[in-house]
Peer 1: 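Sending over a structure as structure tokens; questions will come in a sec.
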Amino acid sequence: MIDIRALREDPDAVKAALGRRGVDGAEVDAVIEADAIWRARQRTAEELRSEVKALSRDVGLAMKEGDTARADELRERSRVLGDEERARAAEAEEAETRVRTGLLYLPNIPADDAPDGEGEDDNVEVRRWWPGQDLDRPGPQRLEHQQVPHWEIGEALQILDMERGARLSGSMFPLYRGPGARLLRALTAFAIDRHSPTYEEIRPPTVVLTDTMISTGHLPKFEDDAYHIERDDLWLIPTAEVPLTSMHRGEILEENELPMRFTASTPCYRREAGSAGRDTRGLLRVHEFDKVELFAYTTPEGALDAQADILRRGETMLQELELPYRVLDLCTGDLGGSSARTFDLEAYSPGVDRWLEVSSVSWFRDYQARRANVRFRPASGGQPQLVHTVNGSALAWPRIWAALVETGRQPDGTVVLPEALAPYLGGELLIKAP
RNA sequence: GGAGGGAUGGCAGAGCGGACGAAUGCACAGCUCUUGAAAAGCUGCGAGGUGCGAGCCUCCGUGGGUUCGAAUCCCACUCCCUCCGCCA
């Protein structure tokens with residue numbers, strides 16, 4: 001969440017900044033008003049509390065001196081004040097809850113450099129790459145034999161079985177088989193090899209507590225997007241960002257430990273409630289998928305470098321996989337709620353003839369750290385301050401799988417995978433029908 | 001699932017109804033001494049809220065309760081340890 005102090009000191013600046021992403025000023029005003037009420041009520045309650053404590057001390061003294069009559073009198077006064085104090089405290093708590101809830105629902109303040117815009121059409125393309133770019137190739141190619149969507153290739157080669165996936169779990173739960181399944185495993189091994197040990201490899205739990213989901217901003221606002229296990233009140237993670245951000249929840253780190261970087265391969269679960277009916281064929285949008293994530297806790301000064309490093313790593317992998325891609329600087333209207341600045345990586349896939357989002361590299365400033373209460377003690381001494389969090393996918397496999405299969409399709413219908421994966425596939429880069 | 005033990009500051013650990021936000025040690029920071037370092041000595045040292053400020057308030061796993069007053073007593077829950085049962 002954003003800093004309540006910023007809201008108190010310069011509400012207009014906060015409103016203007018949030019207005020860039022379409023937040024109604026009235027929503028901000030409601031929080032400011034509740035905050036003023038809360039503070040006033042809290043003062044009242046605390047003054048009463050202070051009197052109760054003073055009286056209680058005097059009761060103790062009177063007892064020690066054997067002055068029972070005085071003790072009884074003080075006791076009675078304290079009791080009356082105590083009742084009053086409890087009532088006032090309850091009022092203060094009511095206002096506090098309103099402030100807290102309001103803050104949890106407000107999105108992050110966008111970075112100054114984030115481009116203005118209302119939606120995905122306003123995102124700014126900052127870079128485009130394709131194999132052979134240096135050799136004067138004009139752009140990504142789309143050859144005749146590559147114009148087949150991956151679900152048809154997957155069926156023909158028996159490496160993707162959407163029908164049987166649906167039999168088990170419903171639509172949008174893919175089932176990979178044979179070389180298709182092996183390809184996923186190879187991609188994960190390939191990615192972890194590229195980033196570990198610079199990024200420490202983590203295998204976190206993928207079923208988490210409500211607090212863990214709140215820390216990243218996935219709750220309470222986006223409850224409908226997540227799978228919830230009611231019996232145990234646990235949530236299936238939508239991304240490894242969720243457990244990684246909470247790994248050091250409530251801790252004070254040392255500045256010399258930063259940046260603290262992690263990579264994790266996990267399944268990710270998304271209900272995709274807001275996009276029912278879109279991209280229902282193939283792997284473009286699925287409820288369960290595997291993804292390798294890169295994550296960092298940093299100092300405020302180190303955050304942009306950390307973000308640049310994750311973006312560079314994502315790009316390098318796409319180049320190694322020989323997939324054309326572009327980098328988008330997300331506009332304020334398309335930014336995720338917790339993010340201050342996000343760069344998306346989109347790989348081009350010739351079968352469906354689309355740019356597919358395969359990574360989203362975000363800088364959250366201290367928005368998530370405040371929710372998760374992760375701080376660091378500056379090396380120069382002084383009060384602990386909030387860390388910054390940065391993360392990005394490296395990468396999301398279903399869409400990479402789709403792009404690799406569509407890109408690698410040969411005129412004879414077989415698929416040839418990029419050389420970089422050879423060590424992870426036992427040298428077997430050709431996929432053909434069994 | 002059953003029985004027992006535990007949870008206190010960065011760490012270890014005392015306190016078990018009355019001035020306790022909490023002894024002590026370690027760690028850490030500053031100073032003294034020293035050519036420098038070590039050792040020794042002195043001083044400081046949890047987090048947060050609120051107030052212009054002196055200050056006041058909150059936090060001893062979490063949530064309730066008892067009491068004039070709770071780290072301390074009671075109840076529930078969570079987590080950790082030991083043992084039994086079950087299980088990949």
Side-chain angles (χ1 to χ4, degrees), chain A residues 1-9 11 31-104 203-215 229-235 243 246-258 260 297 366 369-387:
Chain A
M1 56 198 161
I2 61 173
D3 189 353
I4 184 90
R5 276 167 297 198
L7 215 50
R8 286 171 189 159
E9 282 160 22
V31 179
I32 294 171
E33 193 189 317
D35 177 52
I37 292 170
W38 169 42
R39 282 191 288 172
R41 289 179 180 174
Q42 181 182 242
R43 262 197 98 174
T44 309
E46 284 183 356
E47 279 163 14
L48 286 167
R49 179 88 189 134
S50 178
E51 284 183 58
V52 169
K53 287 176 75 166
L55 283 171
S56 293
R57 276 195 288 271
D58 291 343
V59 171
L61 284 177
M63 301 268 282
K64 214 168 277 179
E65 290 163 8
D67 190 344
T68 326
R70 184 170 152 71
D72 285 346
E73 192 227 316
L74 289 170
R75 206 197 309 269
E76 178 58 18
R77 272 168 61 194
S78 180
R79 198 188 56 72
V80 172
L81 272 180
D83 288 343
E84 175 74 9
E85 185 259 329
R86 264 185 290 278
R88 295 285 92 82
E91 288 174 10
E93 199 179 307
E94 181 274 328
E96 185 185 6
T97 303
R98 273 179 12 230
V99 173
R100 170 97 191 150
T101 308
L103 278 178
L104 283 176
R203 175 39 248 231
T206 58
V207 181
V208 301
L209 300 170
T210 298
D211 278 348
T212 308
M213 289 286 279
I214 286 176
S215 295
I229 300 168
E230 293 203 5
R231 181 175 171 139
D232 298 296
D233 194 18
L234 292 168
W235 302 79
S246 282
M247 243 178 87
H248 290 275
R249 187 165 73 222
E251 294 186 33
I252 301 175
L253 310 172
E254 296 300 328
E255 180 170 357
N256 63 24
E257 297 177 295
L258 302 176
M260 201 179 261
Y297 293 114
D366 58 13
R370 184 171 291 107
R371 294 168 86 112
N373 192 223
V374 183
R375 291 167 294 173
F376 73 98
R377 206 178 291 282
S380 56
Q383 296 294 100
Q385 47 177 301
L386 294 167
V387 301

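Labels below follow one simple rule: chain letters A, B, ... track the order of the sequence lines, proteins then strands, and each chain is numbered from 1.
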Peer 1: Looking at B:C59, which nucleotide sits across from it as a Watson-Crick or G-U wobble partner, both distances under 3.5 angstrom, or is there none?
Peer 2: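 Across any shown strand, B:C59 pairs with B:G46.
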Peer 1: Counting the atoms with a prime plus P, OP1 and OP2 as sugar-phosphate, which does A:Arg8 contact under 4.0 Å by heavy atoms, base, sugar-phosphate, or nothing?
Peer 2: sugar-phosphate
Peer 1: Considering every strand shown, what is the Watson-Crick or G-U wobble mate of B:A88 when both distances are under 3.5 Å?
Peer 2: none
Peer 1: Can you tell me how far CD of A:Glu46 sits from NZ of A:Lys53, rounded to the nearest 0.5 angstrom?
Peer 2: 10.0 Å
Peer 1: Check every atom of B:U50, B:G69, B:U58 against the side chain of A:Arg49 and return the nucleotide holding the closest atom.
Peer 2: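 The answer is B:U58.
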Peer 1: How far, in whole Å, is B:A19 from B:G4 if one measures between their P atoms?
Peer 2: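 It works out to 34 Å between them.
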Peer 1: Can you tell me which nucleotide in B:C68, B:A47, B:U50 comes closest to the side chain of A:Arg39?
Peer 2: B:U50
Peer 1: Could you give the distance separating B:G9 and B:A71 at their C1' atoms, to the nearest angstrom?
Peer 2: 13 Å
Peer 1: Counting only side-chain heavy atoms from C-beta out, which of B:A47, B:C68, B:C57 sits nearest to A:Lys53?
Peer 2: B:C57
Peer 1: Could you tell me which nucleotide pairs with B:C52 by Watson-Crick or G-U wobble geometry, both distances under 3.5 Å, or answer none if nothing does?
Peer 2: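 Across all strands, not a single nucleotide pairs with B:C52.
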Peer 1: Just how far, in rounded Å, is P of B:G51 from CZ of A:Arg5?
Peer 2: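 After rounding, the reported distance stands at 12 Å.
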Peer 1: Quick one: label A:Arg375 by what it contacts on the DNA or RNA (base, sugar-phosphate, nothing), any heavy atom closer than 4.0 Å.
Peer 2: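 A:Arg375: backbone/sugar contact only, no base atoms under 4.0 Å.
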Peer 1: So if I take every side-chain heavy atom of A:Gln42 and compare against B:G49, B:G69, B:G51, which nucleotide ends up nearest?
Peer 2: B:G49
Peer 1: Can you tell me, in whole Å, how much space there is between the C1' of B:U78 and that of B:G61?
Peer 2: 8 Å
Peer 1: So, taking the atom named CG in A:Leu104 and the one named CZ in A:Arg371, what distance separates them when rounded to the nearest 0.5 Å?
Peer 2: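 One gets 4.5 Å once the value is rounded to the nearest 0.5 Å.
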Peer 1: If you assign each of A:Glu254 and A:Asp35 to its closest nucleotide in RNA chain B, which residue comes earlier from the 5' end?
Peer 2: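 This one resolves to A:Glu254.
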Peer 1: Does A:Lys64 reach a base, just sugar-phosphate, or nothing at all? Heavy atoms under 4.0 Å.
Peer 2: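 If one applies the 4.0 Å heavy-atom cut-off, A:Lys64 turns out to touch nothing in the nucleic acid.
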Peer 1: State the pairing partner of B:U32; accept Watson-Crick or G-U wobble contacts with both distances under 3.5 Å, and report none otherwise.
Peer 2: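 B:A40 is the nucleotide pairing with B:U32.
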Peer 1: RNA chain B: A:Arg43 or A:Arg75, which has the more 5' nearest nucleotide?
Peer 2: A:Arg43
Peer 1: For A:Glu254, I'd like to know if atom CD has over 12 heavy atoms of other residues, nucleotides or ligands within 6.0 Å.
Peer 2: yes
Peer 1: If you check the A:Ser50 side chain, which of B:A47, B:C56, B:G18 turns out closest?
Peer 2: B:C56
Peer 1: Do A:His248 and A:Val387 come within less than 4.5 Å of each other through their side chains, counting heavy atoms only?
Peer 2: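 The answer is no; the side chains never approach within 4.5 Å.
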Peer 1: Taking any heavy-atom pair under 4.0 Å as a contact, classify A:Leu61: base, sugar-phosphate, or nothing.
Peer 2: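 Base contact.
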Peer 1: Look at A:Arg88 together with A:Glu91 and state whether they make a salt bridge at an N to O cut-off of under 4.0 Å.
Peer 2: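 Salt bridge between A:Arg88 and A:Glu91, a charged N being under 4.0 Å from a carboxylate O: yes.
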Peer 1: If I pick the C1' atom on B:U8 and the same atom on B:U62, what distance separates them, to the nearest angstrom?
Peer 2: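 These two C1' atoms come out 15 Å apart once rounded.
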Peer 1: Going by purine N1 to pyrimidine N3 plus the second Watson-Crick contact, or the G-U wobble pair, all under 3.5 Å, which nucleotide sits opposite B:A23?
Peer 2: none
Peer 1: What interatomic distance, in whole Å, is found between P of B:A23 and the corresponding atom of B:C45?
Peer 2: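 Nearest-Å result for B:C45 against B:A23 at atom P: 11 Å.
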Peer 1: Suppose you measure atom C1' in B:C56 against the same atom in B:G44; what distance do you get, rounded to whole Å?
Peer 2: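 Going atom to atom, C1' in each nucleotide, I get 24 Å.
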Peer 1: At their closest point, which heavy atom of A:Ala34 faces which heavy atom of A:Ala95, and how far apart are they?
Peer 2: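 Closest approach of A:Ala34 to A:Ala95, heavy atoms only: O-CB, 4.1 Å.
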Peer 1: Between B:G51 and B:A22, how far apart are the two C1' atoms, rounded to whole Å?
Peer 2: 26 Å
Peer 1: Mind checking the C1' distance from B:G63 to B:U82? Whole angstroms is fine.
Peer 2: 27 Å
Peer 1: Can you find an N or O donor on one side and an acceptor on the other, under 3.5 Å apart, linking the side chain of A:Glu46 with the base of B:G49?
Peer 2: yes
Peer 1: Mind checking who B:G4 pairs with, Watson-Crick or G-U wobble, both distances under 3.5 Å?
Peer 2: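 Because both required distances fall under 3.5 Å, B:G4 counts as paired with B:C81.
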